[in-house]
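Notes follow the structure.
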Amino acid sequence: MFIRSLSKVALAAMALFLAGCEGGVLDPKGHVGLQEKNLIIVATVLMLIVVIPVIFMTLYFAWKYREGRDELYMPKWAHSNKIETVVWIVPIIIVVILGTITWKTTHELDPYRPLDHERDHLTVEVVSLNWKWLFIYPEQGIATVNELVFPKDVPVQFKITSDSTMNSFFIPQLGSQIYSMAGMETKLHLIANEAGTFDGMSANYSGAGFTGMKFKATATPTDADFEKWVASVKANSAVLDAQSYDELAKPSENNPVQYYGAITDGMFHQIVMKYMQHYNDWGKGGHEHGEHQEHKSSDAGESGMQMLHHDSSPAVEHAKANGEA
């Protein structure tokens, strides 16, 4: 009776825990996310091969050799070849298997590696701002804020950067997260194999508005639905240029969805190079500055000699006299 009640409680607890997996990494909707889920499960099962027996034996031995039982007591026991063999061989086998799986999947799930697919990748340029996400579609000539849309069964190449603090671009149901950093471009390749709307977020704390730095990623059922969405965005008169971008980049919390029907060419590149655009000028400036300083030092030296030559103070005359002597 007790065992039956315990099993019901365990089943209810399991159902409760699994219910929390909806919408997360254990509820994938794309190929990359599915591969990562399988990797998590396989790694967990392999580790449980050691964990479960250890927990069981800890409880069993504590019960078996509790006080008051007439079990054989061997205080001088020190070694067993059988036990040593088990406690070394089993972990070694598990580590070898885990290492092999990790090495293989690390290359297969490399976020920079384009997905093997018959369709061409859709390019989306992602910029993390304080505290919102800007998505630029260079091929479609549009941009959005806090809304990401793409067709299902079409691989997407994300080019990612940041305008300010480091952030992390993450759509849990589709796969890997990857960092966004100012002055740098990182890449991520994902695909949605089911139509739907998925939660996207920042997975790296970035300040006061971090909790509201979320967006919706929608996989449309067909390419036609995606093109229809693109047309609706193009109908907006707003243009993403240098001036409107500077306004958008100002910190704001819980930013609403915005659409830009047109964009300035090379906007993403300008954002990446925002803090690097004067790099060459700084290098030249430093060289010229050094020459200028050298020239000034030379002039200063000559001026000093002239001043020394024309200075008629007693101290200078005394110095000259000692020098001649």
Checking the side chain of [X] only, and the main-chain atoms of [Y] only, is there a donor and an acceptor separated by less than 3.5 Å?
X    : Y    : result
D241 : Q243 : yes
S162 : T165 : yes
K132 : N130 : yes
H121 : L115 : yes
N146 : W133 : yes
T186 : Y179 : yes
W131 : S206 : yes
D110 : H107 : no
H189 : Q157 : no

Y259-E147 side chain donor-acceptor pair, cut-off 3.5 Å: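 Their side chains do contain a donor-acceptor pair, which is all the 3.5 Å distance test asks for.
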Test item: side-chain donor near acceptor, S202 and N167, under 3.5 Å: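 Checked: S202/N167 side chains pair up, N/O donor to acceptor below 3.5 Å.
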Report yes if the side chains of [X] and [Y] come closer than 4.5 Å at any heavy-atom pair, otherwise no.
X    : Y    : value
I263 : V239 : no
S164 : L129 : no
T161 : F268 : yes
T58  : F56  : no
E36  : L109 : yes

Separation of N204 CG from Q177 CD (nearest 0.5 Å): 8.0 Å
Spacing of K29 atom NZ and I191 atom CD1 [to the nearest 0.5 Å]: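 If I round to the nearest 0.5 Å, the distance is 15.0 Å.
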Aromatic centroids of F169 and F158 separated by under 6.0 Å: yes
Sub-6.0 Å ring centroid separation between Y260 and Y137: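 No, the ring of Y260 stays outside the 6.0 Å limit from the ring of Y137, centre to centre.
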Cluster link V54 to I83, ILVMFWY, side chain under 4.5 Å: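 No; I83 is not reachable from V54 via cluster members.
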Shared hydrophobic cluster, L39 / L174 (ILVMFWY, side-chain heavy atoms < 4.5 Å):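 They do not share one cluster, since no chain of ILVMFWY contacts under 4.5 Å joins L39 to L174.
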Ionic contact status for K216 with D199, cut-off 4.0 Å: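 Salt bridge: yes.
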So which of [options] actually passes side-chain contact (heavy atoms from CB on, under 4.5 Å) with [X]?
X    : options          : value
T44  : L46, I40, V42    : I40
P151 : D223, T222, D225 : D223
L240 : L134, V145, I142 : L134

